[in-house]
Amino acid sequence: MKLSDILSEKDEIIRDGIFSSMGTLFSHYPQQIVYALRENDITKIAGNSSVTCVITTSTLVSRIPETMGIVSSRDPRYTFYTLQSEIHHHPEFNLQPFNNRISPSAQIHPSAIISPTSVEIGRNVVIEKNVIINEQTIIDEGSIIRSNSTIGNTPLLPGPAVHYQIICPSGGVHLHRDVDIHANTCIYKAIFKGYTEIGEQTKIDNLNTVGSGTTIGKRCLFCGGVTVGESTAIGDNTWIGPNATLGNQIQVGNNVYITIGSTVTHDISDDKVVKDNFAIDRKRFRKVIRGM
Amino acid sequence: MILQKIFLKLKSADVADSWFMHTSVMQYFMKACLLFFNYAAPKTHLCRRIRTGSLGKENMIHPTAIIDYDKVMIGDFCTIEKNVVIEKNSIIGNHVVIEEGVVIGSEGFELRRIAGEIIPVAHLGGVIIHDNVCIGSHTCIDKSSLGEYTEIGESSTILSRVQVGHGIKIGKDVIVSNGTMIGGYTKIGDRVRIGRHCSVSDGISLVEDSIIPDYTLVTHDVKISPRDTSRTS
């Protein structure tokens, strides 16, 4: 789709470009359009090869690479989300609805509320009391969802949303094989075309919140009260302690060990331990613990 | 009892970190033992704690509350609000208030990483809530893993969005404020006050009368009581 086909005359198109999906600076959808607010964002755009169009302010226009289409706007984020709400019905930008596919071997409690369309539930899935499952949710075989949890919440706009419209999410939630989700947990659906993914054999304890567009790897353990922000990527075999908080748009590697009550605001490479707000080597951490 | 002692010994950090437990033969042996335990234990008498449920008089129970009446004992003068879920093997005393969205007696979060897989441990215990306890909305209280009970003592108050893990023993007159997470097998003494959004680690004990302020991480035992005047000199 071309920029000039959709955008109104109010927004100034400096260079025309083609895009086929919407995304954030950290996502890797093919031919995606993003918005940039600060100078930091320009370096991230240069590092992300799948960006083809950028919505930005007039001061940053000259610094964007020449191959990309550019739209200049007074408020890039507002333009981006109005564009999203206009084209979210288009089949290229939205997951298409389908008839429910619920396996007869799934055990679903009668008090659970399941959306009448676009839900797929695999073999031997257990869904307990008062669970709410919204549209565009795929649950693979062997998963367990415990009481009072909600899968596929509608995400709220990040940041102040005083004069913005309510956004229309076009993604969904995908729980892989043998995922275990305990009581009172919320999992938000993705804003753009794609899924909030939780890998196989991952176990999530009570009172967790998983933000929209987050991908969690295989065999992770999340203790109680963990909050994960939006568009975060978490690797395999990660352990996250009680009351930890992970910010938006962070990449966490494999075999990472995030201790109790930590706050993570930066990227973390493989085999690290996060203590409070710092990452140290996992072998060194064992020596620290034994020295106590 | 002997099985329980062996289980607790295997759980300790010295044994779990030793090279012997990390040999592949031992890992597959442990995996086979755990899978057999998870398969066989729910069918034995260990799991059937409460044979017949009971319901006292003058209780106010909202119709949307989901209670397993056959295997739950509830005392007199209790208030149970909307969307409360009470699973089997729970014992609730007199004059207990349970607010909206509380889940009592769900599965605990105890798992083993053995031979590259994650295997959950079957939880066979239950939950005891003594008299005059108040539980705030959206709190989760898990059941204990072995044949024990998660206990909440008399006249304790637990506010909203608190996680009480498996096997916890909470004493009398305790106050736990909103957003606090308490790990498994922790023992909390009488008259302890825990502030908002604290994180208490698993397997530790807090002595009676101790006060923990807001946003605190507790990772070691609290041994000295503030009322113990012999040590303050």
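In the text below, chain A, chain B and the rest are named by the order of the sequence lines, each starting its count at 1. None of the values given here were measured: they were computed from a predicted structure.
When heavy atoms are compared at a cutoff of 4.5 Å, B:Ile118 approaches chain A by way of both its backbone and its side chain. The contact between A:Asn237 and chain B is made by backbone and side chain atoms together, counting heavy-atom distances below 4.5 Å. The part of A:Ile204 that comes within reach of chain B is its backbone (N, CA, C, O), which places non-hydrogen atoms under 4.5 angstrom from that chain. Looking at B:Thr219, only its side chain comes within 4.5 Å of chain A, counting heavy atoms on both sides.
Of the possible polar contacts, none joining the A:His182 side chain to the B:Phe109 backbone as a donor-acceptor pair under 3.5 Å is found. Proximity of a side-chain donor or acceptor of A:Asn184 to a complementary backbone N or O of B:His138 within less than 3.5 Å is detected. With B:Asn83 contributing its side chain and A:Asn148 its backbone, the two residues share no donor-acceptor pair below 3.5 Å.
Ranked by heavy-atom pairs under 4.5 Å with chain B, the list A:Pro242, A:Ser111, A:Cys223, A:Ser147 is led by A:Ser147.
Heavy-atom neighbours of B:Lys169 NZ from other residues, nucleotides or ligands within 6.0 Å: above the threshold of 12. Remark: B:Arg113 CZ is packed, more than 12 non-hydrogen atoms of other residues, nucleotides or ligands lying under 6.0 Å away. Residue B:Phe29 qualifies as open at atom CZ: its count of foreign heavy atoms under 6.0 Å is 12 or below. By the neighbour-count criterion of 12 heavy atoms within 6.0 Å, atom CD of A:Gln251 is sparsely surrounded, having that number or fewer from other residues, nucleotides or ligands. In B:Tyr215, the OH atom is not crowded: 12 or fewer heavy atoms of neighbouring residues, nucleotides or ligands sit closer than 6.0 Å.
Atom CG in B:Leu111 sits 5.5 Å away from atom CG in A:Leu221 (nearest 0.5 Å). Distance check, rounded to the nearest 0.5 Å: CG of B:Leu217 to CG of A:Asn243 gives 8.5 Å. The distance from atom CD1 of B:Ile119 to atom CD of A:Gln201, rounded to the nearest 0.5 Å, is 8.5 Å. Interatomic distance, B:Arg161 CZ to A:Asn206 CG, rounded to the nearest 0.5 Å: 10.5 Å. Taking SG from B:Cys140 and CZ from A:Arg146, the interatomic distance works out to 12.0 Å, rounded to the nearest 0.5 Å. Separating the CD1 atom in B:Ile66 from the CD atom in A:Glu128 is a distance of 10.0 Å, to the nearest 0.5 Å.
You'll find the side chain of A:Ile260 stays beyond 4.5 Å of the side chain of B:Met181, heavy atoms only.
For B:Gln163 against A:Asp205, the heavy-atom pair with the smallest separation is NE2-OD2, 3.4 Å.
Under a 4.0 Å N-O distance rule, the pair B:Glu117/A:Arg219 does not qualify as a salt bridge.
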